[in-house]
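Positions are given from 1 along the sequence. In this text the structure is predicted, and so the values were computed from the model without any measurement.
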Amino acid sequence: MANKNIPASLASLNKQQRAAVTAEDKRVLVIAGAGSGKTQTLLQKILYLINEKGAKPSEILAITFTKNAANEMIDRLILSVDFDGEYKDILHNKTLSENAKNAHRRHQIQQTGWIRNLTIRTFHGLCFSILRTYGVSEFDNKFKIITDTGFVDEEMAAITASETTYTALHKVLIDCCSDREYLIDFKRYVLDYLVDKLHLSQRSALALSSDNKIYTTLNGTKVRSKSEQYIADWLYRHNIKFVYEPKVSFQEYEFYPDFFIPDANLYIEHISNLSKGSDFKEKQFNIAGKLLVKTYEEMTRDTSLFNLALDRIIRNRLPDGFDDNTVLHYEEEFKGRHHEIRNFLRQLIRVVDMIKVDGLNIHDVANKASQDQHQRIRDFYKLALPLIERFETYCTDRSYLDFNDLNIKAINLLKKSEEIRQKFFHQYKYVLVDEFQDVNKIQVSFIKTLMNPDAQLFCVGDDWQSIYGFRGSDVQYIVEFSRFFRDARCISLDTNYRSTPNIVDASSEVIRNNRFMVDKVIKAQKKSRKKIEVYSAVDFVDGVEFAVQEVKELLAQNIPNDQILFLYRRSKMFEPYRERFKKEKIYINAKTIHAAKGLESKAVFIIGLTQGSGGFPDVWLDDRIYQIIRPVKYDILLEEERRLFYVALTRAADNLYLITEKGNESMFIDEIPPLYKVLFSKPMQSILPERILCPTCLRVVESHFKFCPGCGGKV
């Protein structure tokens, strides 16, 4: 019997959900375990504020991370007043396009005043509207959005820049390379680290070279040592043509001096620690009337002195009027290097994003990079930071903002303009944030700047599902919520309505191997004894065959295709399955685990669960270039991989299959206690020869014997 004291709108909620919805505290964090009704709780909070607390819809702000999440919230609110079921039919009509459904949604919003007056926006969408409406004092409010892909949602489609971040950065790079010294330094970086990859083991480089020439000079010549590369580059910088290791014959002798400079009629022999005696060679050159000049490895230790030495050796022997100030052109210098340029710019785009997300000062980054112990890192930032500064100017000149800029500029506007800040202080008395485990530094700063200290902050999320650290999200904001928002109340939603007890308990046991988390006890509402099935395949083919047979069995049990989900850490893991499924005419749902967050299916297969490179966990410490900005340790990355595994496990409602490799099982499988799983695999054949026993005397007999030689009995 329903409790008469509980409003009808809350009757369907459990005790913890009701506690969250009715909480009066100024700062509330709802830790919502997987399948615990997070979205329902958030929506019921909105309805409770309007229906029971008398809040005006215009006083409520709900912030989501994606447009799809915002649309889902709006759809559910519309459904709460969809008494004739018309809108429900529209949403479930598979013949309608997304554009048609979006049009119906917009129409329904306009027809429903209280929904129209709610503010349900993504972080980016909210900042966009603030800057577009009030931001003229902070930035050109007719700005355009520049993205890496050129793709934005429909709200911003009309103001998307005609160029992408990549194409704009490429233009800026070409402009920077109009400076001759920058171009040469950039070309040297590309050749050393993106072509020759000198920062990697020289053994691998030597293995790829048949003649021990592993250093590429600025004019593309391959030479044997870094010192020879320096000499060749000096010649190139001064527009002096040279031949490397020309063949020179004097009577019966053949020599290969390091360099010949035709314009100076001069040979150069560089003497290193590995060089053989050169006195005989020098004598033969003198006899032949040829000038051979020696340079020594010791000279290269001081580049300024070495430059002077080369200048003294060569310049006076060049013809009168020799022009050493040739103009270098970007297109000519980097012809055939498009792949390497693309890699550099991709790294640069990520660096720009990280600097903005973490709110770093570019000069602090420069100081840290300049002190790094590795020359490659110092060289990268020496080139990157001037490029970043010029790129910022390029974007400002054209009134471009990227998504991070939307947040940053909106924060600056609110901080500088008391009038605008007070406008939002007065308007929003309730600020609700979905998926709080995914927030980053600038998003938390935006919330704090926008929100009236007297308003209620209601955040919903699950630290166990924080899987976007590579994008800049920081799990500390949810794990240590009270440190960032004082006097906070934390409420846990501890009932899982999605998965079976074994799936819920197994996933909880796995995630407790993490140290940095909010510990909680999640209970399954379902009653089922079905265990997680772990299949140890002997090879890829065996694993695929197991999956095919299990899918056929599930389909025979009338479980629809769209309720069978394959998950993997990396897309390439699914390739063998895709080809086999095509042959079997099995057509299934397959996603990376990141893409599957928020989804659920009756049956889930997690594949590629092997240990080590190419498996799962897939822990790889990023290039040190990024460590300059955001230092990350192995154990932190492993914890995020474990959270990713938790997300994968908890997508399954009833049937969960883990496919691994015999003898190379993922550590995550070992972390599932035996109580919750059943292990099986194809039995291996014996490698021992078959033994035949005499049925009478039990002696071992040969396979071709008809009678036992011991007792004479019939075999």
Side-chain angles (χ1 to χ4, degrees), residues 29-34 36-43 45-46 60-77 102 105 118-130 145 147-149 151-156 353-354 356-358 401-408 410-411 428 430-451 457-479 481 484-485 591-600 640 643-644 646-647 650-651:
L29 173 64
V30 181
I31 298 288
S36 64
K38 168 185 69 67
T39 304
Q40 180 187 10
T41 303
L42 190 66
L43 292 171
K45 178 71 174 180
I46 294 174
I60 299 172
L61 167 63
I63 306 176
T64 69
F65 273 83
T66 66
K67 189 67 174 178
N68 285 340
N71 286 341
E72 182 187 354
M73 289 177 65
I74 293 169
D75 287 342
R76 292 203 191 186
L77 290 172
N102 289 338
R105 183 182 298 111
L118 288 169
T119 305
I120 301 176
R121 307 294 291 270
T122 63
F123 274 103
H124 296 144
L126 179 58
C127 293
F128 165 78
S129 64
I130 290 173
I145 301 296
T147 71
D148 190 24
T149 61
F151 175 79
V152 293
D153 62 46
E154 59 185 21
E155 180 182 24
M156 303 180 195
D353 182 72
M354 293 170 76
K356 290 181 179 180
V357 167
D358 292 358
L401 294 178
D402 65 20
F403 286 131
N404 287 318
D405 293 328
L406 289 177
N407 291 337
I408 295 167
I411 292 169
Y428 296 127
Y430 305 94
V431 178
L432 289 66
V433 184
D434 193 18
E435 302 287 8
F436 191 76
Q437 75 278 351
D438 294 331
V439 294
N440 60 35
K441 184 175 181 179
I442 53 177
Q443 287 162 343
V444 169
S445 177
F446 173 71
I447 293 168
K448 287 187 167 187
T449 307
L450 176 79
M451 189 184 67
L457 175 64
F458 184 86
C459 300
V460 181
D462 182 10
D463 63 297
W464 289 3
Q465 297 186 69
S466 178
I467 59 172
Y468 293 112
F470 66 94
R471 289 186 189 169
S473 68
D474 195 334
V475 72
Q476 70 168 332
Y477 292 115
I478 190 169
V479 173
F481 187 81
F484 298 98
F485 301 95
K591 296 179 179 291
T592 64
I593 303 169
H594 283 99
K597 187 171 177 290
L599 302 180
E600 63 177 77
E640 179 151 320
R643 293 195 293 269
L644 193 60
Y646 173 85
V647 167
T650 55
R651 298 313 93 197

Apply the side chain to side chain contact (heavy atoms under 4.5 Å, CB included) test between Phe458 and each candidate in Val30, Ile46, Leu29, Val433; give the one that qualifies.
-> Val30
Euclidean distance, [Y] [atom2] relative to [X] [atom1], rounded to 0.5 Å:
X: Leu61; Y: Leu432; atom1: CG; atom2: CG; answer: 8.0 Å
X: Leu126; Y: Ile120; atom1: CG; atom2: CD1; answer: 12.0 Å
X: Ser473; Y: Phe436; atom1: OG; atom2: CZ; answer: 11.5 Å
X: Cys127; Y: Asp405; atom1: SG; atom2: CG; answer: 11.0 Å
X: Ile408; Y: Ile442; atom1: CD1; atom2: CD1; answer: 4.5 Å
X: Ile145; Y: Thr147; atom1: CD1; atom2: OG1; answer: 9.0 Å

Start with the C-alpha gap between Lys448 and Phe485, add the side-chain angles, then the distance that decides, and say whether side-chain contact (heavy atoms from CB on, under 4.5 Å) holds.
-> CA-CA 9 Å; Lys448 287 187 167 187; Phe485 301 95; 3.8 Å; yes
Holding to side chain to side chain donor-acceptor pair (under 3.5 Å), I want the full list of residues that pass it with [X], two or more places apart in sequence or in another chain.
X: Thr39; answer: none
X: Tyr468; answer: none
X: Asp438; answer: none

Less than 3.5 Å apart, which donor and acceptor atoms pair up between the side chains of residues 591-598 and the rest of the protein, not counting sequence neighbours?
from: Thr592; atom 1: OG1; to: Ala595; atom 2: N; distance (Å): 3.2
from: His594; atom 1: NE2; to: Ile467; atom 2: O; distance (Å): 3.1
from: Lys597; atom 1: NZ; to: Glu435; atom 2: OE1; distance (Å): 3.1

Steps toward side-chain contact (heavy atoms from CB on, under 4.5 Å) verdict (Gln465, Tyr646) = CA-CA 7 Å; Gln465 297 186 69; Tyr646 173 85; 3.8 Å; yes
Indicate the atoms forming the closest heavy-atom contact of [X] with [Y], along with that distance.
X: Asn440; Y: Gly472; result: CB-O, 3.2 Å
X: Met73; Y: Ala62; result: CE-CB, 3.9 Å
X: Ala32; Y: Asp462; result: O-CB, 3.0 Å
X: Ala34; Y: Arg651; result: CB-NH2, 4.1 Å

Partners passing ring pair (Phe, Tyr, Trp, His ring centres under 6.0 Å) against [X] (at least two apart in sequence or in another chain):
X: Phe403; value: His124
X: Phe446; value: none
X: Phe65; value: Phe123
X: Tyr477; value: Phe484

Can you run down the side chain to side chain donor-acceptor pair (under 3.5 Å) pairs that involve residues 61-72, sequence neighbours left out, and say none if there aren't any?
->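 Those involving residues 61-72 are Glu72-Arg76.
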Any donor-acceptor pair under 3.5 Å from Thr449 side chain to Ile411 backbone | no
Test item: Asn407 and Val357 side chains (from C-beta on) under 4.5 Å apart, heavy atoms = no
Do Phe481 and Leu457 come within less than 4.5 Å of each other through their side chains, counting heavy atoms only?
->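 Answer yes - side chains close enough.
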Results of salt bridge (charged side-chain N to carboxylate O under 4.0 Å, His left out) for Arg643 - residues two or more places apart only |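 Result, salt bridge (charged side-chain N to carboxylate O under 4.0 Å, His left out) vs Arg643: Glu640.
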Residues which pass salt bridge (charged side-chain N to carboxylate O under 4.0 Å, His left out) with Asp353, listed by chain and number, not counting sequence neighbours | none
Pairs in or reaching into residues 467-479: which pass salt bridge (charged side-chain N to carboxylate O under 4.0 Å, His left out), with residues at least two apart or in two chains?
-> none
